[in-house]
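Working notes for the structure below.
Residue numbers count from 1 along this sequence. Only this structure's heavy atoms are used, side chains among them; waters, hydrogens and symmetry mates stay out.
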Amino acid sequence: ALVGLLIFGPSAHLWFRWVLRWVPGTGLPSLLAKTALGQLFFGPYITTVFFAAALWSARRLSWPALRAKVSSDLWPTILAGLAFWPVADFIAFWLLSEHLIPPFLNVCSFIWTIYLSLQAARSRK
């Protein structure tokens, strides 16, 4: 919860503000550009933060542990997210007004975090 409040929330706010200013419009090229930018930049950043938080909560956070986690799990997680995040981003940027995008994507993030937690618990069995 603290990660969402202290890191994800402010990061997402700044990200959406930036992407909506630099890529204006709601046409197909704009929607595809916003979605691609999220997948290329924000997704890997926030996933790495999630990994760090998970390691911290397990009292195993260190640079070597984080590097190992990112090396082994970042791309599989990003690839799994390609079935979820582009759809969520596309819906958000196409159908919602600017002030509703962060709350909608926060709900999506909550759902995604549940999925990641279930996957992490499954891999420990």
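A 6.0 Å sphere centred on CH2 of W94 holds no more than 12 heavy atoms belonging to other residues, nucleotides or ligands.
The closest side-chain heavy-atom distance from S30 to F93 is not below 4.5 Å. Looking at W85 and I78, their side chains never come closer than 4.5 Å, going by heavy atoms from C-beta outward. Contact annotation: the side chain of D73 never approaches that of F50 to less than 4.5 Å [non-hydrogen atoms, C-beta and beyond].
Residues F51 and L66 share a closest heavy-atom pair of CB-CD1, 4.1 Å. Between F104 and A88, the closest heavy-atom pair is CE2-O, 3.5 Å. Contact record, R60 with A65: O-CB, 3.3 Å, taken as the closest heavy-atom pair. When all heavy atoms of P44 and G38 are compared, the closest pair comes out as CD-O, 4.3 Å. The shortest heavy-atom contact between Y45 and S11 is OH-OG, 2.8 Å. The minimum heavy-atom distance between F16 and P102, with the atom names listed, is CD1-CG, 3.8 Å.
In the hydrophobic clustering of ILVMFWY residues, with side-chain heavy atoms under 4.5 Å counting as a link, L31 and L40 come out together. V49 and L14 are assigned to two separate hydrophobic clusters, defined by single-linkage of ILVMFWY side chains at heavy-atom distances under 4.5 Å. Under a hydrophobic-cluster definition in which Ile, Leu, Val, Met, Phe, Trp and Tyr are linked whenever side-chain heavy atoms come within less than 4.5 Å, directly or via other members, L82 and L32 are assigned to different clusters. By the rule that hydrophobic residues join a cluster once side-chain heavy atoms approach within less than 4.5 Å of another member, V107 and I46 end up as members of one cluster. Both V19 and L100 are members of a single hydrophobic cluster when ILVMFWY side chains are connected at heavy-atom separations under 4.5 Å.
Between W15 and F41, the ring planes are tilted. Angles from 30° to 60° get that label.
Considering CG of L105 and CH2 of W112, their distance stands at 13.5 Å, rounded to 0.5 Å.
Counting only distance, with no hydrogens or angles, the side chain of K34 and the backbone of V23 share a donor-acceptor pair below 3.5 Å.
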